[in-house]
Engineer: 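Take this structure, written in structure tokens, and hold onto it; I'll ask about it next.
Only a predicted model underlies this, so the values are computations on that prediction, with no experimental measurement involved. These numbers come from the heavy atoms of this one structure, side chains and all, not from hydrogens, waters or symmetry mates.
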Amino acid sequence: PEESADAGGGTRDAPGTADARSSLGLTLQTLTPELARRGGIRGDISGVVVTDLDPSSDAAQKGLRPGDIIISIDRRPTPNAGAVNQAVQA
């Protein structure tokens with residue numbers, strides 16, 4: 001099963017998604033094989049897709065855009081949205 005998480009540690013969203021808007025200003029979805037296939041992405045890539053972004057957030061100011069794929073943060077793999085939240089909070 002896909003993991004979902006939110007940055008606040010509270011509510012859960014649809015499977016494979018995480019609304020990290022409260023702390024990061026973005027919404028993430030785990031990169032599934034189906035999403036990778038539709039996006040023309042190699043099947044051996046794991047990470048999360050930025051699906052929405054607050055244009056005034058730090059993430060947007062640093063250049064993240066909807067459709068970007070995050071595969072690691074500080075050299076820590078981010079195979080799902082929960083891993084992104086953990087890496088950012090560390």
Engineer: Looking only at non-hydrogen atoms, find the nearest pair between Val48 and Ala81 and report the distance.
Structural biologist: CG1-N, 3.3 Å
Engineer: Go through Val50 and Leu28 one step at a time and tell me if the side chain to side chain contact (heavy atoms under 4.5 Å, CB included) criterion holds.
Structural biologist: CA-CA 5 Å; Val50 177; Leu28 306 171; 4.0 Å; yes
Engineer: Please identify each residue that fulfils side-chain contact (heavy atoms from CB on, under 4.5 Å) with Ala36, with sequence neighbours left out.
Structural biologist: Leu31, Ile41
Engineer: Report the distance from atom CD of Gln61 to atom OG of Ser56, rounding to the nearest 0.5 Å.
Structural biologist: 7.5 Å
Engineer: Restricting to pairs with a member in residues 75-90, which pass salt bridge (Lys or Arg N to Asp or Glu O under 4.0 Å), not counting sequence neighbours?
Structural biologist: none
Engineer: Can you see which heavy atom on Thr78 is nearest to which on Ser72, and at what distance?
Structural biologist: OG1-N, 3.2 Å
Engineer: Using side chain to side chain donor-acceptor pair (under 3.5 Å) as the criterion, list what pairs up with Asp74, not counting sequence neighbours.
Structural biologist: none
Engineer: Suppose we screen for side-chain contact (heavy atoms from CB on, under 4.5 Å). Which residues come up paired with Pro77, at least two apart in sequence or across chains?
Structural biologist: Pro79
Engineer: Side-chain contact test, heavy atoms from C-beta onward, threshold under 4.5 Å: evaluate it for Asp68 versus Val49 and give yes or no.
Structural biologist: no
Engineer: Give the C-alpha distance, both sets of side-chain angles, the deciding distance and a yes or no for side chain to side chain contact (heavy atoms under 4.5 Å, CB included) between Val88 and Ile73.
Structural biologist: CA-CA 8 Å; Val88 171; Ile73 295 176; 4.0 Å; yes
Engineer: For Arg38, give me all partners under side-chain contact (heavy atoms from CB on, under 4.5 Å), at least two apart in sequence or on another chain.
Structural biologist: Glu34, Leu35
Engineer: Do you know which of Leu53, Asp54, Thr51 makes side-chain contact (heavy atoms from CB on, under 4.5 Å) with Thr27?
Structural biologist: Thr51
Engineer: Atom CG of Leu26 and atom CG of Leu64: how far apart are they, to the nearest 0.5 Å?
Structural biologist: 6.5 Å
Engineer: Tell me, please, which residues at least two apart from Ile71 pass side-chain contact (heavy atoms from CB on, under 4.5 Å).
Structural biologist: Ile45, Ile69
